[in-house]
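Have a look at the structure below, then the notes.
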Amino acid sequence: MATRLLARFVSRTRPPVSGATRTAVRGIHRLYWTASRKSLTGGRSAFLLGIPALSCLGYEAYHWVQRSAVLHAAGKEDVLEQADYLYSCAETEKLYQLLLQHKDSDDAEFLWRLARASRDLSLLPDMDAKQKKQLVFEAFEYATRALERDDKCFAAHKWYAICLSDIGDYEGIKVKIGNSYVIREHLEKAIELNPKDATSLHILGFWCFAFAELPWYQRKVAAALFSSPPVSTYEEALEFFLKAEAVDPDFYSKNLLMLGKTYMSMNDKPRAALWLTKAKDYPAHTLEDKEVHKEAVDLLKKLG
């Protein structure tokens, strides 16, 4: 059995700021992708006990950032606008310090952003293990409070699911599998509240794909811990990946790759080749895009 640190990405459309003048800002996720495996059975397939890990880095931010990095916050709307700007610029530590001033807020809009910022800070490469763990649990606390303050906020549900997945890394396999049920419930709620959020759809698709590809021996391990471990199908994963693409075409190279991989798993070679080619041809703005390109090329070679 293994856990996998998956693609790091963020929602492409900036979340709306309540009560503020809403400016549509697209292209908010530049990121990097690493993978770690902790083998339990020695098999090549990974047992997904969580969901994709998201980073703070602004994708295509260089196309969007044209104004001054100095914004003067006054009211709630100004603080949230500054926070979203810093997020798009990958100013992780500045963003965390800005939002930390509002850690005692009862406003879900501050709290879910602080959960995201805490988590993003924990993912920085120079973070030591003790600080990382502290930030992971801190992020979960903020996400929990955000959900308690406003259970109609789709972002609160999404970040609660993400942060819940993270703390499972510190609480053992049984807890992490058990959390998978809750993670799915909150992702589904996030999608119900905002069906136009492409990244929530993608994450849920990845959740489904990971459990669909679970090999029989890992299913036995899961079944030994739970009478009814989480299950899914490639068809279900495909549905979410396609919905994400319909909501925001070509929003994320990883979604194109996963569509190709899902069709490969379903033995639909023509459609697999179509989506893998799209993933291969996707402009490589980030390190993750380059990794996606390489994997797409390798899989296309396998297809012949």
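All residue numbers in this chain count up from 1 along the given sequence. What you see is a predicted model, and the numbers here were worked out from it, not measured in a lab.
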For Phe251 against Thr199, the heavy-atom pair lying closest together:
CE1-CG2, 4.0 Å

Give the intermediate values and the outcome of salt bridge (Lys or Arg N to Asp or Glu O under 4.0 Å) for residues Arg113 and Glu109.
CA-CA 6 Å; Arg113 283 174 171 82; Glu109 292 295 325; 2.7 Å; yes

Looking only at heavy atoms, the pair that brings Thr92 and Ala117 closest together is CG2-O, 4.4 Å

Are any of the side-chain heavy atoms of His102 and Leu114 separated by less than 4.5 Å?
no

Distance flag, aromatic centroids of His202 and Tyr252, threshold under 6.0 Å:
yes

Please round to the nearest 0.5 Å and tell me the distance separating atom CD1 of Ile183 and atom SG of Cys163.
10.5 Å

So CG of Leu164 and CG of Asn179: to nearest 0.5 Å the spacing works out to 4.0 Å

Report yes if some heavy atom in the side chain of Glu213 is under 4.5 Å from a heavy atom in the side chain of Tyr234; otherwise report no.
yes

Honestly curious: do Ile203 and Val231 fall in one hydrophobic cluster under the side-chain, below-4.5 Å linking rule?
no

Do Glu138 and Tyr96 pair up side chain to side chain, a donor and an acceptor below 3.5 Å, judged on atom types alone?
yes

Answer yes or no: is there a donor N or O on one side and an acceptor on the other, between the side chain of Glu245 and the main chain of Asp250, under 3.5 Å?
yes

In terms of heavy-atom contacts, Ala108 and Asp150 come closest through CB-CB, 3.6 Å

Can you check side-chain contact (heavy atoms from CB on, under 4.5 Å) on Tyr85 and Glu91, steps first, answer last?
CA-CA 9 Å; Tyr85 178 79; Glu91 293 284 359; over 6 Å; no

Looking only at heavy atoms, what is the nearest atom pair of Lys103 and Leu111, with distance?
O-CD2, 3.9 Å

Charged N-O contact under 4.0 Å between Glu148 and Arg145:
no

Are Val175 and Trp207 co-members of a hydrophobic cluster defined by side-chain heavy atoms under 4.5 Å apart?
no

What is the distance from atom CD1 of Ile167 to atom CZ of Arg119, rounded to the nearest 0.5 Å?
12.0 Å

Less than 4.5 Å apart, side chain to side chain, heavy atoms only: is that true for Leu256 and Tyr282?
yes

Between Lys132 and Leu123 (side chain of the first, backbone of the second, donor and acceptor by atom type, cut-off under 3.5 Å), is there such a pair?
no

4.5 Å side-chain heavy-atom contact, Lys176 and Glu171:
no

Determine whether a donor-acceptor pair (N or O, by modelled atom type, separation under 3.5 Å) exists between the side chain of His186 and the backbone of Ala161.
no

Assert yes or no for the condition that the ring centre distance of Phe240 to Phe209 is strictly below 6.0 Å.
no

Using every non-hydrogen atom in the two residues, find where Trp112 and Trp159 come nearest and quote the distance to one decimal.
CE3-CD1, 3.7 Å

Below 4.5 Å, heavy atoms only, C-beta onward: do Asp197 and Val247 meet side chain to side chain?
no

Compare all side-chain heavy atoms of Trp275 with those of Lys261 and state whether any distance is below 4.5 angstrom.
no

Starting from Val297, can I reach Met264 by hopping between I/L/V/M/F/W/Y residues whose side chains sit under 4.5 Å apart?
no

Ser105 versus Asp107, side-chain donor and acceptor atoms under 3.5 Å
no

Would Tyr170 and Phe137 count as a close aromatic pair, with their ring centres under 6.0 Å?
yes

Considering residues, nucleotides and ligands other than Glu188, do more than 12 of their heavy atoms fall under 6.0 Å from its CD?
yes

I'd like to know whether CZ of Arg271 has more than 12 heavy-atom contacts from other residues, nucleotides or ligands below 6.0 angstrom.
no

How long is the gap from OH on Tyr160 to OG1 on Thr144, to the nearest 0.5 Å?
5.0 Å

Would Asn255 and Phe206 count as a side-chain contact (heavy atoms from CB on, under 4.5 Å) if you check the C-alpha gap in whole Å, the side-chain angles of each, and the deciding distance to 0.1 Å?
CA-CA 9 Å; Asn255 200 62; Phe206 217 127; over 6 Å; no

Starting at CG of Leu187, measure out to OG of Ser165 and round the result to the nearest 0.5 Å.
9.5 Å

Is any side-chain heavy atom of Tyr263 less than 4.5 Å from a side-chain heavy atom of Lys269?
no

Please answer whether the main-chain N or O of Ala190 pairs with a side-chain N or O of Asn194 as donor and acceptor at a distance below 3.5 Å.
no

Show your reasoning for whether side-chain contact (heavy atoms from CB on, under 4.5 Å) applies to Leu98 and Gln101.
CA-CA 6 Å; Leu98 170 68; Gln101 300 174 54; 4.2 Å; yes

Please examine the side chains of Gln82 and Leu86, heavy atoms only from C-beta on, and report whether any two atoms are closer than 4.5 Å.
yes

Which atom of Tyr181 lies closest to which atom of Phe226, heavy atoms considered
OH-CB, 4.2 Å

Identify whether the distance between the nearest side-chain nitrogen and carboxylate oxygen of Asp298 and Lys294 falls below 4.0 Å.
yes

I would like to know whether Arg184 and Cys208 meet side-chain contact (heavy atoms from CB on, under 4.5 Å); could you show each step before the answer?
CA-CA 9 Å; Arg184 174 158 188 162; Cys208 294; 3.6 Å; yes

For the atom pair OG (Ser253) and CD (Glu291), what is the distance rounded to the nearest 0.5 Å?
10.5 Å

